Amino acid sequence: MSEEKSLNFIEEIISNDLAEGKYKSILTRFPPEPNGYLHIGHAKSICLNFGLANRFGGATNLRFDDTNPAKEEVEYVDSIKADVQWLGFDWVKECYASDYFEQLFQYAIQLIEKGLAYVDDSSAEEIALQKGTPTTPGTGNAFRNRSVSENLSLFTAMKEGKFEDGAKVLRAKIDLASPNMQLRDPLLYRIKRSHHHRTGDAWCIYPMYDFAHGQSDAIEQITHSICTLEFIPHRPLYDWGIEQLGLFPSKQYEFARLNMTYTIMSKRKLLQLVSEGHVTSWDDPRMPTISGMRRRGYTPHSIRDFCDRIGIAKRENIIDFSLLEFCVREHLNKIAQRRMVVTDPIKLIITNYDKGEEMLTSENNPEDAEGGLRAVPFSNELWVQRDDFMEEPTKKYFRLGPGLMVRLKSAYIIKCDRFEKDASGQVQTIYASYFSDSKSGSDTSGLHVKGTLHWVSAKHAVPVVLNEYDRLFSVEDVANAEGDFKDYINPNSLNIVTTAWAEPALLNDASEMRFQFLRKGYFYQDTTSTKTNLVFNRTVTLKDAWAKEQKK
RNA sequence: UGCCUGAUGGUGUAACGGUAGCACAACUGUUUUUGGUGCAGUUUGUCUUGGUUCGAAUCCAGGUCGGGCAACCA
């Protein structure tokens with residue numbers, strides 16, 4: 001309890017509410033509409049809502065805001081539950097706005113009886129027109145003056161399916177001249193004959209967001225209802241409904257949604273990427289979805305850490321993607337097992353190695369003292385990385401080249417003697433000699449080299465396929481870039497490597513294990529991977545100081 | 001030219017009238033059998049103009065700039 005971490009503005013509100021005895025304990029909710037998969041922006045909201053409950057000893061409901069059957073599906077409900085759980089959170093109650101349809105209908109009746117709601121026969125266009133503009137007040141229509149009894153019978157008839165879709169709506173009677181557009185007699189119910197994923201065809205009228213959300217919060221006795229900034233103008237309406245109906249006084253608070261460089265957060269656009277085939281699926285590892293990140297190899301811990309670091313405030317933001325990558329690397333560095341994989345191989349023959357082969361050992365994770373060791377087969381014929389050799393080495397190049405010495409990780413120091421090219425002029429084979437007294441762990445050679453290379457014994461190597469992912473978009477601020485966001489899709493967001501050789505240990509490793517392929521990056525087995533066809537997704541690269549140096 | 005919001009280094013986020021701090025990014029150096037990691041350090045900031053005050057990022061007034069609001073979406 002020594003370090004006092006400062007509270008964000010919502011934590012401060014809650015802390016005060018609790019101190020004043022306004023509530024004995026808090027209840028938050030995470031209220032997604034099941035019309036798509038959750039993304040990293042939702043993760044921020046999830047961590048906020050569940051995190052608040054954890055921190056202040058309260059609880060959180062998972063509530064599906066399913067009031068628009070046209071867009072919602074069970075598939076999405078299932079994925080949302082899986083994603084929240086994967087992130088490491090438990091809800092105290094699983095709720096659905098659709099569970100409250102009958103109650104909501106009764107609330108609407110109450111409003112009508114109080115003269116606060118009326119049935120309007122106008123078309124959508126007429127209503128829009130009559131609402132005026134932000135600078136000019138709206139105008140009423142004759143329907144606004146309908147009697148309570150007429151409204152009651154019409155609304156009931158609406159529910160009973162007596163009218164066509166769109167023929168009538170129920171509206172709140174508030175103030176057509178309000179400077180807040182949301183208060184210009186907002187729609188409460190519309191007629192929509194659409195199959196609902198839970199209530200089926202029981203209803204043909206559905207409540208609008210503004211007449212479902214606050215009421216659902218109140219029904220569940222949510223103390224702090226936290227949403228994003230764009231709902232600020234809705235807050236007076238949120239309070240209006242609760243007050244007129246005399247319900248539990250849930251309060252709404254707003255924070256700035258997450259934006260990230262090189263990506264988009266709009267569900268509509270994300271859906272477009274999937275449906276138009278720019279990515280393979282919602283869980284394509286390039287997607288900013290929770291499921292995409294899971295498949296890519298991000299850990300729940302790293303995502304929670306990220307959400308913790310970005311903070312909660314009311315100002316608009318755009319977070320560097322590199323911060324997320326930092327969080328992922330930081331966690332993976334501690335837990336990932338090291339393996340050697342050569343992605344772009346070139347043959348290296350050790351001419352004076354006459355033992356045939358031997359088993360060497362290498363640490364699984366230098367960051368973890370308990371990580372243990374593994375056996376790695378070594379022989380006179382190896383695969384090494386093509387870019388670890390330079391015919392004419394530059395000054396600060398610490399790798400292989402004619403006459404240069406390097407250490408082979410966990411093996412011996414070698415010296416490059418010569419090389420051969422193929423007909424096309426490409427280097428094909430490197431010939432080297434090794435120093436038998438330079439074996440890792442028992443090196444008495446006294447030699448000192450600057451470079452250490454990863455390698456794989458050719459005869460023991462197993463083939464693996466690597467999916468190397470890069471950012472999905474080529475501009476930082478995709479949402480605000482001119483023109484169609486799809487014009488900015490990075491054509492090289494996926495590079496499939498089919499030439500890679502891996503050390504045989506990978507064959508026996510569990511599929512859910514996280515790896516660092518030495519000097520290449522962190523990798524995680526893809527969902528399509530099999531024992532006979534190993535496929536790994538690159539979660540994130542390692543930092544590459546050498547690449548940076550070369551750019552200079 | 002209505003109403004609502006917001007403005008602190010490149011990016012985020014603290015400081016609640018009393019030393020502008022932290023993280024990421026960038027850059028140095030150092031360690032290292034991963035050009036990874038670790039460690040040490042450097043650079044960069046209170047939108048503007050007034051006012052209140054011994055003292056203002058913080059309070060007040062005006063301005064500037066950004067975002068949101070006129071879906072039978074949420």
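Naming convention: chains lettered A, B, ... in sequence-line order (proteins, then strands); numbering from 1 in each chain. Remember, predicted model here, so these are calculated numbers, not experimental data.
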Each nucleotide in nucleotides 22-30 of chain B should get exactly one letter: B, S or -. Can you fill that in based on protein heavy atoms under 4.0 Å?
-SSSSSS--

Counting primed atoms plus P, OP1 and OP2 as sugar-phosphate and everything else as base, spell out the protein contacts along nucleotides 68-74 of chain B at 4.0 Å heavy-atom distance: B, S or - for each nucleotide, 5' to 3'.
SSBSBSB

Can you pull out every ring pair (Phe, Tyr, Trp, His ring centres under 6.0 Å) where at least one residue sits in residues 118-141 of chain A? Sequence neighbours excluded, please.
none

Single hit among A/Y206, A/F101, A/F155 for ring-ring contact (aromatic ring centres under 6.0 Å, His included) with A/Y189
A/F155

Restricting to ring-ring contact (aromatic ring centres under 6.0 Å, His included), what partner residues turn up for A/F30, sequence neighbours left out?
none

Can you name the residues that form a side chain to side chain donor-acceptor pair (under 3.5 Å) with A/D165, not counting sequence neighbours?
A/R193

Only pairs at least two apart or in different chains count here, so list each side-chain hydrogen bond (donor to acceptor under 3.5 Å, both in side chains) that has a residue in residues 67-76 of chain A.
A/Y37-A/E75, A/N68-A/K192

Could you write out RNA chain B as a dot-bracket string, with dots for unpaired bases, | for bases paired across to another strand, and Watson-Crick or G-U pairs counted at under 3.5 Å?
.((((((..((((....[..)))).(((((.......)))))....(((((..]....))))))))))).....

Tell me, please, which residues at least two apart from A/R184 pass side chain to side chain donor-acceptor pair (under 3.5 Å).
none

Sequence-distant partners of A/E125, side chain to side chain donor-acceptor pair (under 3.5 Å), two or more places apart
A/S123

Quick check: on RNA chain B, is the nucleotide nearest A/R235 upstream (toward 5') of the one nearest A/F398, or the reverse? Name the residue that is more 5'.
A/R235

Keeping to residues at least two apart or across chains, list the salt bridge (Lys or Arg N to Asp or Glu O under 4.0 Å) pairs with something in residues 317-337 of chain A.
A/R309-A/E330

ring-ring contact (aromatic ring centres under 6.0 Å, His included) partners for A/Y412, two or more places apart:
A/F378, A/Y434

Which side-chain N or O atoms in residues 446-453 of chain A pair as donor and acceptor under 3.5 Å with protein atoms at least two apart or in another chain?
none

Return no unless some side-chain N or O of A/R519 is found under 4.0 Å from OP1 or OP2 of B/G35.
yes

